[in-house]
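So you know, we letter chains A, B, ... as the sequences are listed, proteins then strands, and number each from 1.
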There are 2 protein chains.
Amino acid sequence: MQTSRTHELTAEQIYAAVRSGGGRLTVPLRILVDVLIAGEDHPTADELIAAVESRTPGIAPSTIYRLLQRLEDAEVIEHIHVGRGPAVYHLRHNEHAHLVCHECGAIIGIPEATFDGLVRSIGRKYDFTIEPRHAALLGRCRRCVA
Amino acid sequence: MQTSRTHELTAEQIYAAVRSGGGRLTVPLRILVDVLIAGEDHPTADELIAAVESRTPGIAPSTIYRLLQRLEDAEVIEHIHVGRGPAVYHLRHNEHAHLVCHECGAIIGIPEATFDGLVRSIGRKYDFTIEPRHAALLGRCRRCVA
DNA sequence: ATTGCTGCAAACCTTTTGCAAGAAT
DNA sequence: ATTCTTGCAAAAGGTTTGCAGCAAT
């Protein structure tokens, strides 16, 4: 096993997480996990489908969607909703909230702790527990504010 | 013209806003505006389509979508994205940010000022201007936290 | 008379689902 | 041997678009 900085998950650890939930270790699962680990930060399902396809043709889009759900159930990944567009996915070892620029689509990850104050005050005032990781905050990045 | 508490927009004022942008005052537009003023707080496009249809049959869904866009361009209404589901619309005279429970779908309107601190600190740290009205914060309402 | 708006139908995009065959356990 | 997963294809949900005719200006 490789050494890992921070909480980087290895493919092996992810496989273990999937199996411990009774899941099977299939070829498409392995490929998707590799793509998730190696690929960019916030891929959409479509980008993942393309990446998997380019690596090993013949895997059905529906399979990717089902795998993504499986990985989410295993608490390995998480998806967030980005305004109107498709959901984006990311590994949970990399947990954070997101700022999304609705002009250029840039996604900025920020520490969840940024919301601590807001979580508390909204919890108190509205009896509502916000989960800042679950939906992005929309706005404009510096370049697009111009 | 009627007196109006707070900043309630009258239908007439909305018509004026639409016309000042070069838009025409059509029958479907009038009906939709009435529905928006009279109806519930956070309708989806689908609910608006149903409400318009029940009032005056024969108006195409695509017309409603185009009208909503027109009203949005005229800065009369605004839509927000609510996690995976369809967008919801509301009159801008009623501006606020939203908390959405992703268990039961409840929508809670909260004053935008709630975000003042966060807007400032995120602006400073990430060079990013969040627009809290534009996307809901997802979480769980009290009943669903149980 | 001009041109914006409408209804209709079809297309679109993202995601989900039914099903029979195949693969991991 | 069991039953979880897959590929395929179709469906579903929400929204957008092309087009010819109608209506507001």
Nearest-Å distance for atom pair [atom1]/[atom2], residues [X] and [N]:
X: Leu29(B); N: dG7(C); atom1: CG; atom2: P; result: 12 Å
X: Ile64(A); N: dG7(D); atom1: CD1; atom2: P; result: 8 Å
X: Arg70(B); N: dT16(D); atom1: CZ; atom2: C1'; result: 16 Å
X: His81(A); N: dG14(D); atom1: NE2; atom2: P; result: 14 Å

Residues of residues 43-60 of chain A with any non-hydrogen atom less than 4.0 angstrom from an atom of DNA chain D: list those, numerically ordered, please. Gly58(A), Ile59(A), Ala60(A)

For the helix from dA1(C)-dT25(D) to dT25(C)-dA1(D), how many degrees between its two end axes (five pairs per end), to the nearest 10°? 30°

Closest heavy-atom pair and its distance - Ile122(B), Ile130(B): CG2-CG2, 4.0 Å

Within-4.5 Å side-chain heavy-atom neighbours: [X] and [Y]:
X: Val145(A); Y: Glu103(A); result: no
X: Leu29(B); Y: Tyr15(B); result: yes
X: Val88(A); Y: His98(A); result: no
X: Leu137(B); Y: Val100(B); result: no

Pair [X] + [Y]: ring centers closer than 6.0 Å:
X: His79(A); Y: His90(A); result: no
X: His96(A); Y: His42(A); result: yes
X: His81(B); Y: His81(A); result: no

For Pro61(A), answer base if it contacts any base atom (sugar-phosphate contacts may also be present), sugar-phosphate if it contacts only those atoms, and nothing otherwise; contact means non-hydrogen atoms under 4.0 Å. nothing

Among Thr114(A), Leu138(A), Ile108(A), side-chain contact (heavy atoms from CB on, under 4.5 Å) partner for Leu99(A): Ile108(A)

How does protein contact run along nucleotides 17-25 of chain C, one letter per nucleotide 5' to 3', with B for base contact, S for sugar-phosphate only, - for none, heavy atoms under 4.0 Å? BB----BBS

Regarding Glu131(B) and His102(A), do their side chains bring together a donor and an acceptor under 3.5 Å, going by distance alone? yes

Mark yes when over 12 heavy atoms from residues, nucleotides or ligands other than Arg143(B) sit less than 6.0 Å from its CZ; otherwise mark no. no

